[in-house]
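The basis for the numbers below is simple: all heavy atoms, side chains too, and nothing from hydrogens, waters or symmetry mates.
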Amino acid sequence: MNNLTQAESAIKLNEASLAQLSNQVRIPAYDRHHITNGIFHIGVGGFHRAHQALYLDNYFHENPNSDWGICGVGLLEFDQRMRDALNSQDCLYTLVEQSPEQDTARVIGAITQYLFAPENRQAVIDAMVDPQCRIVTLTITEGGYYYHEGSGEFDANHPTIQHDLQHPDAPIGVYGFLTAALEQRRKQGIAPFTVLSCDNLQGNGNIVKKMLSTFAELHDPELGQWIRNHVAFPNCMVDRITPATTPADIAMVREQFGIDDAWPVVAEPFLQWVVEDKFSAGRPELETVGVQFTDDVHPYEMMKIRLLNASHLLIGYLGTLMGYSYSYETMADPLIRQAVEHLMEEVTPTLQPVSGINLDQYKQTLVERFANPKIRDQLPRLCLNGSAKLPKWVLGSLREKMQQGSTIDYLSLTIAVWFRYLNGQDDQGNAIAIDDPMADILHQRARSGGSDPNSLLELSELFGDLPQSTHFVDCVSHHLQNLYQLGAQETVTQLLQL
């Protein structure tokens, strides 16, 4: 069947149509009606569906009557699109793994229900109060944890936080929902669920524990202390490059696999999940499908955040300034590829030994993953929310390098390139859309400061006391002046020649 015919006869994805799909598409071989939901996941997006839900789908093939099914939860009005897409397909969706050699497709059945909170907030709370709910997982983005980057303290004045403190029975934010459910479980003598963050934050479990318990204490001091004492918050490290789904991806799924899917997801073949083995109310034995459980996630997450995530920022901002659109084409530029390799080398001395990992091989694998031409990872995805990402992914390495008395050439370049990007124009004069919760103040300060970084460095909620180091400020200033005067390409060329 040619692609045109395949697309024209594409089958609308749902449970009834699974048997009609091409035999080149793997489908759930377990009865989804025998799965009960022990996991509630807040923030169902591409990454969750390509990562955690895939692991559970693999698990259900081995454990077909599991009580660890996933109920997806959307808290934001924006989530209505996901609700509509999933509910129209019995919560099924297509996952396509793309390598340079081939595309492979499978239908994932691990999500069996989707709750849209703006439609019925109490239904979400009631579902999480039910003893059947034993783990609540989160992918709410780095900015969804409501804390100040510079100090690490809870942002109690955020409008969402204030709303939920004043309206505990009608929450809109993640802490409001979790607190309402945990309060009822405590009152009813039901053991608490585990809260497992799956976001790219170093010490993500520690962060959500501190923020949630602080929020709960503002609501009820005894409840806050009970959460600190009884709720498990495992740290974990997650890794899989998952670009945002595009209309071209939807068309590809129709043409190549004959599936009419409202919201498929594409991802690279690489997959990793390392989890601290600390749970309040049990867990699925996901080690049987490749999840690594450990007593200490820290070395793994540090390796990933400081090498992969920091490199993503440099790729995103440099590539955007130089007029590129995708990660793979940016990495095809030898200047940027070398800069990324130098950044990794600069960061490596800050990393702890990681059991079972050869760091040189890991770094080489990262370069290959970034350059995978099938993964059309758009640079705006890498660039968004820099105010939340850069402090977590870059500044820790930078502080340690300065304590070691070592060079910070490429770490400071990453900051300077972000500052230049925040000006809102690339080197060709094309407008850049800045997608960041702090976009207005960042853009204003970048424009007024120009090649002087101090107006941005004065944002203590991002940089803390770092600007007290004249060496740090001088390094950022040097790069930023070059970026304005010479452009990104010549700035990197000169740095590589040092």
Side-chain angles (χ1 to χ4, degrees), residues 76-78 140-163 172-175 199-201 207 211 309-310 312-314 316-321 379-396 398-399 411-427 429-470 472-484 488:
L76 309 175
E77 293 290 346
F78 172 81
I140 54 176
T141 76
E142 296 81 6
Y145 288 84
Y146 301 111
Y147 74 105
H148 295 294
E149 308 294 346
S151 66
E153 296 305 312
F154 183 57
D155 184 5
N157 294 320
H158 191 281
T160 297
I161 301 301
Q162 284 299 308
H163 174 279
I172 59 174
V174 64
Y175 299 140
D199 280 300
N200 276 317
L201 299 162
I207 289 171
M211 301 308 138
N309 295 116
H312 260 167
L313 293 179
L314 186 57
Y317 299 131
L318 266 183
T320 299
L321 291 179
L379 296 188
R381 186 188 80 85
L382 306 188
C383 294
L384 63 81
N385 297 344
S387 64
K389 293 174 177 176
L390 190 131
K392 303 182 187 77
W393 298 352
V394 174
L395 298 189
L398 195 142
R399 290 177 188 276
L411 287 160
S412 57
L413 172 68
T414 306
I415 295 169
V417 170
W418 182 47
F419 286 1
R420 170 63 185 82
Y421 162 93
L422 291 171
N423 185 279
Q425 283 190 330
D426 67 16
D427 285 348
N430 301 311
I432 296 170
I434 299 166
D435 188 349
D436 192 291
M438 296 179 63
D440 290 343
I441 188 171
L442 292 170
H443 179 60
Q444 175 190 341
R445 293 197 177 209
R447 296 279 293 194
S448 63
S451 61
D452 181 352
N454 283 293
S455 60
L456 283 162
L457 291 175
E458 287 168 0
L459 292 168
S460 59
E461 64 267 39
L462 301 184
F463 295 99
D465 60 358
L466 266 174
Q468 294 176 19
S469 164
T470 55
F472 165 70
V473 175
D474 288 347
C475 287
V476 176
S477 297
H478 171 73
H479 293 313
L480 192 57
Q481 288 168 12
N482 281 349
L483 287 164
Y484 273 98

- [ ] Decide yes or no on salt bridge (charged side-chain N to carboxylate O under 4.0 Å, His left out) for Asp465 and Arg399, but give the supporting numbers first.
- [x] CA-CA 10 Å; Asp465 60 358; Arg399 290 177 188 276; 2.9 Å; yes

Mind listing the closest non-hydrogen atom pair of [X] and [Y] along with its distance?
X	Y	answer
Leu395	Leu462	CD1-O, 3.4 Å
Pro467	Val473	O-CG2, 3.4 Å
Leu313	Val394	CD1-CG2, 4.0 Å
Leu314	Leu413	CD1-CD2, 4.2 Å
Leu398	Ser412	CD1-N, 4.2 Å
Gln162	Ala156	NE2-O, 2.7 Å

In Å, rounded to the nearest 0.5 Å, how long is the span from [atom1] of [X] to [atom2] of [Y]?
X	Y	atom1	atom2	result
Asp474	His479	CG	NE2	11.0 Å
Tyr317	Ile415	OH	CD1	11.5 Å
Leu442	Ser387	CG	OG	5.5 Å
Ser477	Leu457	OG	CG	7.0 Å
Tyr421	Leu379	OH	CG	9.0 Å
Cys383	Ile432	SG	CD1	8.0 Å

Task: Flag for Asn423-Tyr484: side-chain donor and acceptor within less than 3.5 Å - done: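 Their side chains do contain a donor-acceptor pair, which is all the 3.5 Å distance test asks for.
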
Open item on the list: Do Asp199 and Tyr145 pair up side chain to side chain, a donor and an acceptor below 3.5 Å, judged on atom types alone?
Closed with: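 Short answer, yes.
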
Counting C-beta onward and ignoring hydrogens, is there a side-chain heavy-atom pair between [X] and [Y] closer than 4.5 Å?
X	Y	answer
Trp418	Val476	no
His312	Lys389	no
Asp440	Gln444	no

Task: Results of ring-ring contact (aromatic ring centres under 6.0 Å, His included) for His443 - residues two or more places apart only - done: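 Partners of His443 under the ring-ring contact (aromatic ring centres under 6.0 Å, His included) test: none.
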
Do the side chain of [X] and the main chain of [Y] share a donor and acceptor less than 3.5 angstrom apart?
X	Y	answer
Asp436	Gly386	yes
Asn309	Trp393	no
Arg445	Leu456	no
Asp427	Ala488	yes

TODO: Check the pair Phe463, Leu390 against side-chain contact (heavy atoms from CB on, under 4.5 Å), reporting the backbone distance first and the verdict last.
DONE: CA-CA 10 Å; Phe463 295 99; Leu390 190 131; 4.1 Å; yes

Task: Intermediate values then yes/no, side-chain contact (heavy atoms from CB on, under 4.5 Å), Asn157 and Asp155 - done: CA-CA 6 Å; Asn157 294 320; Asp155 184 5; 4.2 Å; yes

Task: side-chain contact (heavy atoms from CB on, under 4.5 Å) between Met211 and Tyr175, worked out - done: CA-CA 8 Å; Met211 301 308 138; Tyr175 299 140; 3.1 Å; yes

Open item on the list: Between His163 and Thr160, is the side-chain contact (heavy atoms from CB on, under 4.5 Å) condition met? List the steps.
Closed with: CA-CA 5 Å; His163 174 279; Thr160 297; 5.7 Å; no

